[in-house]
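What follows is a set of notes on a single structure, which appears directly below.
Predicted, not measured: the structure shown is a model, and the values here were computed from it. Just so we're on the same page: letters track the sequence lines, and every chain starts at 1.
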There are 4 protein chains.
Amino acid sequence: TKHTEDTKTDRELYVKTTLRELVIYLLFLTDLTILTFGMNSETYYYYTKVMSELFLDGQFADTKNTFRGMTTMQDFWRFAEGPLMDGLYWEKWYNGQNVSDSQLGYVFHENKLLGVPRLRQLKVRNDSCEVHDDFKNEIKTCYDAYAESIEDKFPFGKMNGTAWVYQTEDELDGWGHEGLISEYGGGGFVQNLLLTREKTEPIIADLKQNLWLDRGTRVVFVDFTVYNANINLFCVIRLVVEFPATGGAIPSWSFRTVKLIRYVSIGDYFVLACEGIFLLFIIYYIIEEALEIAKHKCQYFKSVWNILDIVVIVISVVCTVFNVYRTIAVGNMLESLLQKPDEFADFEFLSWAQVLFNQGIAFAVFFAWVKIFKYISFNKTMTQLSSTIANCAKDLAGFGVMFFIILFAFAQLGYLIFGTQVRDFRSFPDTILTLFRIILGDFDFHELEAAHRVLGPLYFLLYVFFVFFVLLNMFLAIINDTYSEVKADLENQENEFELQDYFKKGYDK
Amino acid sequence: TKHTEDTKTDRELYVKTTLRELVIYLLFLTDLTILTFGMNSETYYYYTKVMSELFLDGQFADTKNTFRGMTTMQDFWRFAEGPLMDGLYWEKWYNGQNVSDSQLGYVFHENKLLGVPRLRQLKVRNDSCEVHDDFKNEIKTCYDAYAESIEDKFPFGKMNGTAWVYQTEDELDGWGHEGLISEYGGGGFVQNLLLTREKTEPIIADLKQNLWLDRGTRVVFVDFTVYNANINLFCVIRLVVEFPATGGAIPSWSFRTVKLIRYVSIGDYFVLACEGIFLLFIIYYIIEEALEIAKHKCQYFKSVWNILDIVVIVISVVCTVFNVYRTIAVGNMLESLLQKPDEFADFEFLSWAQVLFNQGIAFAVFFAWVKIFKYISFNKTMTQLSSTIANCAKDLAGFGVMFFIILFAFAQLGYLIFGTQVRDFRSFPDTILTLFRIILGDFDFHELEAAHRVLGPLYFLLYVFFVFFVLLNMFLAIINDTYSEVKADLENQENEFELQDYFKKGYDK
Amino acid sequence: TKHTEDTKTDRELYVKTTLRELVIYLLFLTDLTILTFGMNSETYYYYTKVMSELFLDGQFADTKNTFRGMTTMQDFWRFAEGPLMDGLYWEKWYNGQNVSDSQLGYVFHENKLLGVPRLRQLKVRNDSCEVHDDFKNEIKTCYDAYAESIEDKFPFGKMNGTAWVYQTEDELDGWGHEGLISEYGGGGFVQNLLLTREKTEPIIADLKQNLWLDRGTRVVFVDFTVYNANINLFCVIRLVVEFPATGGAIPSWSFRTVKLIRYVSIGDYFVLACEGIFLLFIIYYIIEEALEIAKHKCQYFKSVWNILDIVVIVISVVCTVFNVYRTIAVGNMLESLLQKPDEFADFEFLSWAQVLFNQGIAFAVFFAWVKIFKYISFNKTMTQLSSTIANCAKDLAGFGVMFFIILFAFAQLGYLIFGTQVRDFRSFPDTILTLFRIILGDFDFHELEAAHRVLGPLYFLLYVFFVFFVLLNMFLAIINDTYSEVKADLENQENEFELQDYFKKGYDK
Amino acid sequence: TKHTEDTKTDRELYVKTTLRELVIYLLFLTDLTILTFGMNSETYYYYTKVMSELFLDGQFADTKNTFRGMTTMQDFWRFAEGPLMDGLYWEKWYNGQNVSDSQLGYVFHENKLLGVPRLRQLKVRNDSCEVHDDFKNEIKTCYDAYAESIEDKFPFGKMNGTAWVYQTEDELDGWGHEGLISEYGGGGFVQNLLLTREKTEPIIADLKQNLWLDRGTRVVFVDFTVYNANINLFCVIRLVVEFPATGGAIPSWSFRTVKLIRYVSIGDYFVLACEGIFLLFIIYYIIEEALEIAKHKCQYFKSVWNILDIVVIVISVVCTVFNVYRTIAVGNMLESLLQKPDEFADFEFLSWAQVLFNQGIAFAVFFAWVKIFKYISFNKTMTQLSSTIANCAKDLAGFGVMFFIILFAFAQLGYLIFGTQVRDFRSFPDTILTLFRIILGDFDFHELEAAHRVLGPLYFLLYVFFVFFVLLNMFLAIINDTYSEVKADLENQENEFELQDYFKKGYDK
Ligand SMILES: [Ca+2]
């Protein structure tokens, strides 16, 4: 939205134009903000919380452990027989009375289970890794960490039924999943559960009895989706248990609370109206930017503000298109689903896309807010602040290089020495984040000390001393010094024409 | 309390007047401070602690869960049958012996239960929300999130008795309540408990058996009040369980420890004396301010100090009036209550008003302390400090705008991306507070990382970099630079007449 | 230790004298440091840890609660019957075999129980407080919070035996105790336990059966002392359960690990040698200071360093005297105790005095270290630093006044609004500490938010903004600015004669 | 790698040489970085995590305590009978079916137990300490804290079998161990466990029945090693329970996840290639440095960069040599071990050496990164930063002395007053670390307050005030001021020839 007229000659006209632009921009921003607030509310959080506590914090009958604390393969079966059944099937009221038939299939008596839940596992082949010569006689089998190329696709166990016969990603119409340890494919051995607890328990028992999970198993997914008609929200739930090549079990989960059916209540229609207005704004800005590009050619792309404009527009257009697609896709899906209530309902892709849509909008709003700075630089004090940053940019860059070399040196040292023991140093990116968090004082010193009694504290002291004391203070000195200079410079300049002068003038008339 | 005489001509007179004013003011402040310390003590905290631990941390018989950790409707009944009964009825000594009749009805054997506890629930109507067309065949009932307009007021269950027949706010003489999820009305379905455990347990059992809580239930309140004669304190207790439209249960509570009968012990009469003196001061200041307003007219309201004076006076007057009203109201209430010990005693309003009264006094003291700055600006060093702040006000304002735009941009980004998953981002105001807390290093990074493995850390790094490093350092540079300037300016000025000179002069005589 | 000769005329002599003084001082400091390191070691901590975990973390048989989590009077009996018995009487090995008779009476099989443990309770009278007129008919009894003046000293229950008959502080040869809620007297109703579990359990059962603790009980003490011959340490243990007038129970404890018999092993004799040398130093310094006082009279007391000298000397002399007394007292006490092994051994006073002795020595060392600054100010850079602080003292004082007024205003506001709910605001001093801790980022925001959903966050934001951002930055600006000035001043001065010049000169010769 | 040619005369040649050097250096650094990333991965952390959770978090059958929370000798037997057996012997699948014979001896069914686990204890003699005269009649036995000189080496209990007869460090071919409380020798009373649970349980029961652990026992080690062929990692596990002379039990542990067989998979061979290249670089640098030393003689050692070069080279050579040795040693060991599967496999030394090797490489990388600063000082901005640090070095040193005197004074005060009670003050080094952590806001204030209600908070306030406010701000002032000076100086200098000029020149051609 750079001014398309040539305004250099007439200062007052320039201000007028900018003001008009600013007002339009603020209207746009307001509309966008209202729109996004209509997209989210505390209800989403409480829905996620209620559903995740139900499945993650339910205690196993014997060990009182929970899904969150799972450590062995046996724990998975404890979970499947206990909290999973309790969480999925609400067939009795709290006084022991059975619920009516029409009330069957509702989690918490409120959240309709869409289709049936599904268990899916992925396995790796027995011969997927090389055993060292010294052990070849002793160790005959070797199951590597998961990789798509070494997946075990052969039938096993009872040799028939989906649970024991591999289906490909295409057959399942599935999607890959990024777990804590690996990225997993979308195929696998699949077992759908049934609509009542009575019928499902034997299935679980049968899987357990026939060793459905074995040494080759690298991951199990439990997938299902619930829909709450009261608040018109879907919660797409995936519980993941990874079985790393080290032995043991590592649980993770995703609870995606999304609003796939967007226009139901009055509030929704208000948001729809905002979206309409938003569309008009976007069209207006597309035209404006197109005109500008036509006029300024390559010059256009040299301004950061213009790039920002384009980013916002592109995100907006993509999101709008998705919005239309989603509405259609959900409609189709629900229709087919409600006809076949005992099939698995795969909302994985739709919920993922919806989350991406939300993130897209979120970034659009963020950039839209940042763009206000373009208009604010009118004011003298703001100029002072931004030129301070601009003036010390070179010094800051030098400082930045110095800072990052030291940060990298420390990060690599920490990762290599403590990486095998301490969670916060388990990978290089985590280590860098941890080093940042130390600066803020958010850090578990005792764990570091436990990892190595001498090197832990030494490393900590050295790092704090260099980065916290020396580097950050240097950084401060740079900005401090530059600010004084910039202020002195600006005071010697003649005052430029400012926004408030414009208003004052109008007021004086 | 601006000086009413014209003192500009005679400097010494001016100092004398101000000094007299200061001395009076310090007396006033001292009186007020003593007064407020008489209003609170550690005992209040320990009373709250003891009562809240009794009801909130008592374990359920089977699941060992507590009120704090409640997650389902069934948990409410576990609570009602276990910790609630144990907490309310202390009918045996620790050795199993029954307490004497006169000792019945005392929580902890010390705290008299005033009247009987009361359960109250609010429901919403079945048809309170629109089900989307796709689901209309499947989902016949829909209970929206609570709103007063969709309350279900029809008798249900056993159809008779207060528990099953709706009473309005007026009939109950009740008050609304602001819960975690909604604001609730003061009516509802009400069940009073009885004076002994033996008689109360069947009531609870009956409610449970007949499904008193059903899908329409949105909130249950457990209300009661205890009075401790030893320390002359009331504790007005309200345990709230909200059943959101998402399913599940969200507990909250309020324990208001208040001193509704204020004048019993000797210490209380000392406070009464202070209150008398305080009243005299207030009358004195009212007269003075009235004279000043009469003299200076509109000019008067241009000084911040005068506004402060008026705020303090208004708060004081309101509190005094309430003090009188409270004394009368409590007297009446107790009288009628002690005659009918098996009715519910509603101290909700009185305790709420008393808390408001305490907050009012607290703010009055706060403003009274701040007003000291008016007199302190006499001194040169203080001038230096306050003119620094004054001089960089414009720069600070510019900085503030910049800071808040960035803060808002980050807050909206964080709220939209993490709001459905992370507690500290669940609403926009919470997000803003969280962003402030990150600056202080008080932050749960792991939760953010769990919400999104890439965007979480990225967001954190970006925010810390911009706000913590760039903006705060700029802020520092502004103050730093201004201070040097102001100090240089002041050193060039001739020294003004100062307070210490006055004293010195007196001393030299 | 100010130089007693007149050295102003001869600079070199002055340096020489100071050097000699410094060397002597360093020897003194070294001796003192060695001495104190001989007084403490990690063993002390581990002893405290092991003993406190035994009694505080032992779980009750039924509720799995611990001493730390105690909330009711019944919990005290659960503790007395469970963890207390288990902790005191180790009559079987882990394989179930009985220990030999000579091994009876050792906690952990290692720590000799000195004498027998003792239970002591204090009660208040029934009529110790005024009941308000409105309640006079209902509430006949009233037990006030503990105060020595309202203690109940009448026999009760079984009316005979020490447990049921009051003994005064003098009769018991006891000491007062400062608890969490009140300060308690040293008398009370006392029950000694016996040497074996078999005999002790009936005593506890009898006390419980006859309601030894009743509504008037305000505190129970469990006192005993163990001695570990392996490491020659005493652990004087006091477990306290306060029963406030609010009802409920508040546990606290003290584990004093002290070395009452100081000279046993070779290491001890080395410390003894150090103490001898220390004594010589003290005598030397006493003489020197006496000479100086004689010479300089009142002038002497105007130097901070001299005051420091006197403080160190006085502490040292007091500690030395106590050291002698302690050795004698312990000897006597042990002798009489070992003859009567079934009496209570009161090490309360001795351990308290020993802890005070340790604290005295600790402060002596602290001041001795601080005094090094006297000699260091020789050096130019150090002068620069200390004159910075000196020069900005006035500004800092002004800042300090401002800071503390604001801090007090916030503290009083916070105390009055949140004091009844939040632990960290429960008293005025705690509130001030909490406000300091917020600056460091060590703070539980969620508790504040829970206390009041609006005022909590608002208070937090306001405070952080004022104190953290405005005031601390001002503070920084003051020091920053003064440092530049001082440095400029010093560079204009001619260089003074410095310590290194002296050494250089010597080296050049 | 200082430039060997005389380049002072020709500036351009100098730049050229340095550039060439820099490029070679960056290649070296890249190689080294790749190498080290090949040495570690998240798998290591997950392996440690899975193994440590298995043994440390397994609950005891009756008390539900874990190894981490162990406090008594009895707890050791609870651990040995419960979690240790469960963790070591996986003889059934989760459905209760026995595993096949070839699958026996695998922890988690995946990790081969190498050899058998071993219990080892160390005892001290009965007469190892002096009992004070007063107690000589009462206390006949005295077991001092562990020291090698007072070890009890006499047979005891059943008097035969390795469990009851002492073996020396040489006989066991063992190594010392540094525990939390003492440093322990490598000999002791040793009991190997067997290959199946059925056979091992009677051994444990027999040891317990015959009081294998008695009052003289000071430490028990449980040692074993597992090998995971899937990921080719060894985990060398040592569980330690120390029984201090105070009574009680203090658990500690070490889980060393190491890659003793380094070249198996393709990734490993890539690392091997990197190691080859690394070797070439090292040879190149050895030659270069040798030439330089020959030329510059003693001058050479005056440059920090040269010292850094030598350190890196020496570490690299040592690591390379170890690498070869390790490969041979592991081969031999595994061979002999696999022939005798029922003997204990002592990987203690090898794993320790491997960890040292990793640390060596880690430091080499760290120093290599730091050395980049040598080349970066080319640039003007960097010069500005480094000369700031250089210029204020003297002031900083002065400040440092001041800081450390105050830190030491506080540390000694804190250690002496709180050392017996608070974990973070339990030893002098811990106290110093704690004082550093307070500055970052990472601190448990409530524990300090619990240790002493008055001195705790007072100490905290005093320390925070002095160190945090006064000293750190001084520090800032120093750097701030020096930076301004240095910048002014540099601006007055003529611009030196810079790296970018060189490139620019090349570009201009
Ligand atoms: Ca400055």
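Using a 4.5 Å cut-off between heavy atoms, A/Phe460 contacts chain D through its side chain alone, with no backbone atom that close. Of the atoms belonging to D/Phe367, not a single heavy atom falls under 4.5 Å from chain A. Contact annotation for D/Thr36: both backbone and side-chain heavy atoms come within less than 4.5 Å of a heavy atom of chain A. Only the side chain of D/Lys49 comes within contact range of chain A, judged by heavy atoms closer than 4.5 Å. The part of D/Gln103 that comes within reach of chain A is its side chain, from C-beta onward, which places non-hydrogen atoms under 4.5 angstrom from that chain. Within the 4.5 angstrom heavy-atom criterion, only side-chain atoms of D/Asp424, from C-beta onward, approach chain A. Both the backbone and the side chain of A/Gln209 come within contact range of chain D, each with at least one heavy atom under 4.5 Å from a heavy atom of that chain. For a residue to count as touching a neighbouring chain, one of its non-hydrogen atoms must lie under 4.5 Å from one of that chain's; by this rule A/Ile181 touches chain D with the side chain only. At a 4.5 Å heavy-atom cutoff, the contact between D/Thr33 and chain A is made by backbone and side-chain atoms alike. Heavy-atom distances place no part of D/Ile438 under 4.5 Å from chain A, backbone and side chain included. With a 4.5 angstrom heavy-atom cutoff, A/Arg423 touches chain D via backbone and side-chain atoms both. At a 4.5 Å heavy-atom cutoff, the contact between D/Glu53 and chain A is made by side-chain atoms alone. When heavy atoms are compared at a cutoff of 4.5 Å, D/Tyr227 approaches chain A solely by way of its side chain, counted from C-beta outward.
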>> Evaluate D/Leu440 against A/Phe445 for side chain to side chain contact (heavy atoms under 4.5 Å, CB included), listing each step before the verdict.
In response: CA-CA 11 Å; D/Leu440 294 181; A/Phe445 175 77; over 6 Å; no
>> Set out, in order, the CA-CA distance, both residues' side-chain angles and the distance that settles side chain to side chain contact (heavy atoms under 4.5 Å, CB included) for D/Leu114 and A/Phe135, then state yes or no.
In response: CA-CA 11 Å; D/Leu114 296 180; A/Phe135 285 105; 3.8 Å; yes
>> Run D/Asn95 and A/Trp77 through side chain to side chain contact (heavy atoms under 4.5 Å, CB included) and show every step you take.
In response: CA-CA 9 Å; D/Asn95 63 355; A/Trp77 295 110; over 6 Å; no
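Interatomic distance, OG1 of A/Thr420 versus CG of D/Asn358, reported as 8.0 Å (0.5 Å rounding). Going from atom CD of D/Gln359 over to atom CG of A/Leu413 covers 9.5 Å, rounded to the nearest 0.5 Å. In this structure, D/Leu334 CG and A/His132 NE2 are separated by 8.0 Å, a value rounded to the nearest 0.5 Å. For the atom pair CD1 of D/Ile372 and CD1 of A/Ile406, the computed distance is 11.0 Å after rounding to the nearest 0.5 Å. If you take NE2 on A/His446 and CG on D/Leu433, they are separated by 9.5 Å, rounding to the nearest 0.5 Å. Going from atom NZ of D/Lys112 over to atom CD1 of A/Ile139 covers 6.0 Å, rounded to the nearest 0.5 Å.
D/Tyr46 places a side-chain heavy atom less than 4.5 Å from the side chain of A/Arg426. Looking only at side-chain heavy atoms (C-beta outward), A/Asn137 and D/Leu338 stay at 4.5 Å or farther from each other. Put simply, the side chain of A/Leu455 reaches to within 4.5 Å of the side chain of D/Phe363, judged on heavy atoms. Residues D/Lys64 and A/Lys64 fail the side-chain proximity criterion, which asks for heavy atoms closer than 4.5 Å. For the pair D/Trp369/A/Phe410, no side-chain contact is recorded, criterion being any heavy-atom separation below 4.5 Å from C-beta on. Taking the side chain as every heavy atom from C-beta outward, A/Thr71 and D/Leu54 never approach each other to under 4.5 Å.
Of the residues considered (A/Phe408, A/Phe425, A/Tyr143), A/Tyr143 shows the highest number of contacts with chain D, using heavy-atom pairs under 4.5 Å. With chain D as partner, the option from A/Gly248, A/Gly69, A/Gly414 having the largest number of non-hydrogen pairs under 4.5 angstrom is A/Gly248. The residue among A/Val124, A/Thr72, A/Leu213, A/Asn210 with the most heavy atom pairs within less than 4.5 Å of chain D is A/Leu213. Counting heavy-atom pairs closer than 4.5 Å to chain D, the top residue among A/Leu180, A/Val422, A/Leu211, A/Thr141 is A/Leu211. Contact count against chain A (heavy-atom pairs under 4.5 Å) is highest for D/Ile261 among D/Ile261, D/Ile231, D/Thr257. Ranked by heavy-atom pairs shorter than 4.5 Å toward chain A, the options D/Gln59, D/Arg437, D/Arg256 are led by D/Arg437. Between chain A and the residues D/Ser265, D/Gly105, D/Gly179, the largest count of heavy-atom pairs under 4.5 Å involves D/Gly179. Contact count versus chain A (heavy atoms, under 4.5 Å) is highest, among D/Tyr44, D/Tyr263, D/Phe443, D/Trp253, for D/Tyr44.
For D/Asn40, there are no side chain to side chain donor-acceptor pair (under 3.5 Å) partners two or more places apart in sequence or in a different chain. In this structure A/Asp134 satisfies the side chain to side chain donor-acceptor pair (under 3.5 Å) test with no other residue, sequence neighbours excluded.
A donor-acceptor distance shorter than 3.5 angstrom exists from the side chain of A/Gln421 to the backbone of D/Phe255, with no hydrogens or angles considered.
Closest non-hydrogen pair, A/Lys208 versus D/Tyr94, comes out as O-CE1, 3.4 Å. Contact detail for D/Asn228 and A/Thr246: the closest heavy-atom pair is ND2-CA, 3.2 Å. Between A/Ile417 and D/Ala362, the shortest heavy-atom distance links the atoms CG1-CB, 3.8 Å. D/Asn230 approaches A/Ala245 most closely through the heavy-atom pair ND2-O, 3.0 Å. Residues D/Ala229 and A/Cys142 share a closest heavy-atom pair of O-SG, 3.7 Å.
The number of heavy atoms from other shown groups lying within 6.0 Å of CZ (D/Phe404) does not exceed 12. The environment of D/Asn332 atom CG is dense: over 12 non-hydrogen atoms of other residues, nucleotides or ligands sit within 6.0 angstrom.
Aromatic ring pairs are classed by plane angle as parallel below 30°, tilted from 30° to 60° and perpendicular above 60°; the pair A/Phe428 and D/Phe37 is perpendicular.
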